[in-house]
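Below, chain A is the first sequence line, B the second, and so on; all start at residue 1.
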Amino acid sequence: MSAEVRITVGEEVRTVASGTSVRDVLDGKLGRDIIAARVDGKLVDLSRPLERSATVEPVSASSSEGLDVIRHSTAHLMAQAVQALYPGTQVTIGPTIEDGFFYDFAPSRPFTVEDLPKIEQKMRELAKADLKVERVELARDEAIALFERMGEKYKVEILQGIPDERVSIYRQGDWLDLCRGPHVPSTGYLCAFKLTSVAGAYWRGDERNAMLSRIYGTAFADKEALQEHLAMLELARQRDHRKIGREMGLFLFDPISPGQPFYLPKGMIIFNLLVEYMRRLYRRYGFNEVITPQIFKNELFHVSGHWENFRDNMFLTPDPEDREARVDTGPEGWRVGYGVKPMNCPGHTFIYRAEKRSYRDLPLRIAEFSRLHRAERSGVLHGLTRVRVMSQDDAHIFCAEEQIEDEVAMNLTMVREVYSALGFTEPEFKLATRPEQHLGTEAQWRTSEEKLASALRRNLIQFEINPGEGAFYGPKIEIYVPDALKRKWQVATIQLDYNLPERFDLKYTTSAGSEARPVMIHRAILGSLERFIGVLLEHTGGVLPFWLAPEQVRVLSLSEKTESYARELTELLSKLGFRAHADVRNEKLGFKVREAELAKVPFMVVVGEREAAARQVSLRLLRGSKSEVMSVEELVARAQAEPLPS
RNA sequence: GCCGAUGUAGCUCAAAGGUAGAGCAACUGACUUGUAAUCAGUAGGUUGCGAGUUCGAUUCUCGCCAUCGGCUCCA
């Protein structure tokens, strides 16, 4: 009957009666900022009784775990407010997310942003009332009966999926919710929150299910942290690539072709420079560039499987010689029309098949920058990062099974080279593994997943597993980079494919003279150039490295007197291969400098009479406050010294 | 596609059931300029598109289109 337990708190070891609460154990250290605790590494409420010997650590509101608790508790507070204001609304789930939380409701009518201030007000009232948050454990069956009585059918459904015999609910005032916890001790701890947006969301993320009404919010330990976060969001809005693209004159969108950018001359410069950069790498890494047709008979997509799996995302067109001229997307549709290619892979198999291949041809690396069209659903379009037409730095590698690991490793080296050259210091790598629907045996999948993992390890790359997210035809490596709002976008991808070689009956002759099936590796390093440019603009705020800047040098004349000198310099720089322009407008220098700053021109070359007389220039760098007087030769040397990716 | 919101001059934003206004940009002129906005003038809009209600709609209603935030999907 040991009624005592040994508790370790920091350096101190104490013996207390079994059942003593965490709060009492931490007594004395319990500031207002301590909102939960870790007991042997597990997050628990301060009110949790200690029944075993354990190590207890306080969790402060400002720690990342503490913040999580606060946000989760705030989600509960919001649900309580919503149910108080809108009786009959059912609750579903309300997790924390990267920068806050959300809660999905089944309301009688969907919420709108106008509802948010009212809900926030109610939340403040409930927080002010400082309701005690209590944890109650009960048998799952009891809980099911309880939520059934309350008419909370979503909670009942959740409970039916929980294997545990006992579950916990949290009660605050007259409101309760099924929850694992932990939570803050009372609602008064929640003082810095804001509801940010409403959205529709499907129950369990499945569009066949009911559409719920989701409210997003965020919460912090104190008001200052909340303000800071909101200010950060505002700053991120300034970096939105759609705004930068308009301001810098890079591209535009028009409803006449939703999701398809018009590249303006300056945007085209960036696009072409990225393509040229990849082409240089292709020579070094052994890729061969091709162009294949843009439009194919549907027969191609029928063989490749796109007709079955991707047709809804394809732009289809009737056979122009068909008098009826109708797109038949029905089961026989592949026999009559054409489709605009959404991917390059099927076309590349024709290049592979054009000759009788042997092991000596492998690996065969075929690259293509052609434009790909995908009929993305209207609701998903998003600037350059989600478009209906794109160019990928796409390549397909046809290789033997035993070459997979080397090829993947080589492409990963390339990925690292490119991302570091373009200033993305920390791309995230994920290994997407076998999905539920898949071709091939588990053993094959295990082997190919292991090959990808091993190639990652060879490159000393840290990666996470993205379980079940592989393509149905093979596992893949996905590479993500964040935009200004820290939303992660998949850019690069390396995918193993055993399916297409099968479907197109690709073969090669082995050294032993037998026939074997090659494997295809689909890979893109920048991914879609559109998305990459979008992310790059947000990453840099539009301040591109010198080699990528659409306009590299702007020569600013001080007055008409130096106009000809400015023109002469511009011509000289242009002849040397720099993208240089002269601003000889009848304006004050301050005005011209401001415009060059806004256009994000890396080199501003100011020439007044002093400089003209001495054949010098005054160089001002973008985002620089000082200018430097130097000779023309020195200016050229400075421009030439700007780093270029190899 | 689904949920919510938005759509006024090239851009950023006002106003209003009785035919719309500012700043910047554009154009014209003056100023000849020293490192993030010189001054003045001119022009620019069937208020996203189409119906309906009304004596009258750009404002109210409905449909469509596009955009934004999400869901789903994905490079």
Got a donor-acceptor pair under 3.5 Å from the side chain of [X] to the base of [N]?
X: A:Tyr216; N: B:G4; result: no
X: A:Ser625; N: B:U35; result: no
X: A:Glu595; N: B:A25; result: no
X: A:Glu611; N: B:G34; result: yes

Counting side-chain heavy atoms from C-beta on, which of [options] comes nearest to [X]?
X: A:Val113; options: B:A5, B:C74, B:A36; answer: B:A5
X: A:Pro110; options: B:A36, B:C74, B:C3; answer: B:C3
X: A:Met211; options: B:C3, B:G1, B:G69; answer: B:C3
X: A:Arg386; options: B:C74, B:G1, B:U32; answer: B:C74
X: A:Val387; options: B:A75, B:U38, B:A5; answer: B:A75
X: A:Glu376; options: B:C73, B:C11, B:G34; answer: B:C73

ask   = Does NZ or CZ of A:Arg523 fall inside the cone over A:Phe287's six-membered ring, less than 6.0 Å from its centre and within 45° of the axis?
value =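 Judged by the rule (NZ or CZ under 6.0 Å from the ring centre, within 45° of its axis), A:Arg523 counts as positioned above A:Phe287.
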ask   = Quick one: does NZ or CZ of A:Arg71 land under 6.0 Å from the six-membered ring centre of A:Phe193, within 45 degrees of the ring axis?
value =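 No.
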With a 3.5 angstrom cut-off on both distances, give the Watson-Crick or G-U wobble partner of [N], or none if there isn't one.
N: B:A40; result: B:U28
N: B:A22; result: B:U12
N: B:G7; result: B:C65
N: B:G52; result: B:C60
N: B:C73; result: none

query = Just by distance, with hydrogens left out, do A:Thr292 and A:Lys341 show a side-chain donor and acceptor under 3.5 Å apart?
reply =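 Note: A:Thr292 and A:Lys341 side chains meet the donor-acceptor criterion.
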Distance-only side-chain donor-acceptor flag, A:Glu530 / A:Tyr263, under 3.5 Å =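 Their side chains do contain a donor-acceptor pair, which is all the 3.5 Å distance test asks for.
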Between [N] and [M], how far is it from one [atom1] atom to the other, in whole Å?
N: B:A16; M: B:U8; atom1: C1'; result: 11 Å
N: B:A9; M: B:A25; atom1: C1'; result: 11 Å
N: B:A57; M: B:C3; atom1: C1'; result: 29 Å
N: B:G48; M: B:A14; atom1: P; result: 15 Å

Report which part of the nucleic acid [X] touches: base, sugar-phosphate, or nothing (heavy-atom distance under 4.0 Å, all strands).
X: A:Tyr202; answer: base
X: A:Ser618; answer: base
X: A:Gly590; answer: sugar-phosphate
X: A:Arg237; answer: nothing

request  = Quickly work out the A:Lys341 NZ to B:A75 P distance and round it to whole Å.
outcome  =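 Computing the A:Lys341:NZ to B:A75:P distance gives 17 Å.
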key: Gap between atoms CG and P, on A:Leu372 and B:C74 respectively (whole Å)   =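 A:Leu372 atom CG is separated from B:C74 atom P by 16 Å.
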message = Can a donor-acceptor pair be found, under 3.5 Å and without considering hydrogens, that links the side chain of A:Glu478 to the backbone of A:Ala492?
response =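 Not at all, since once roles are kept as given, no pair shorter than 3.5 Å links the two residues.
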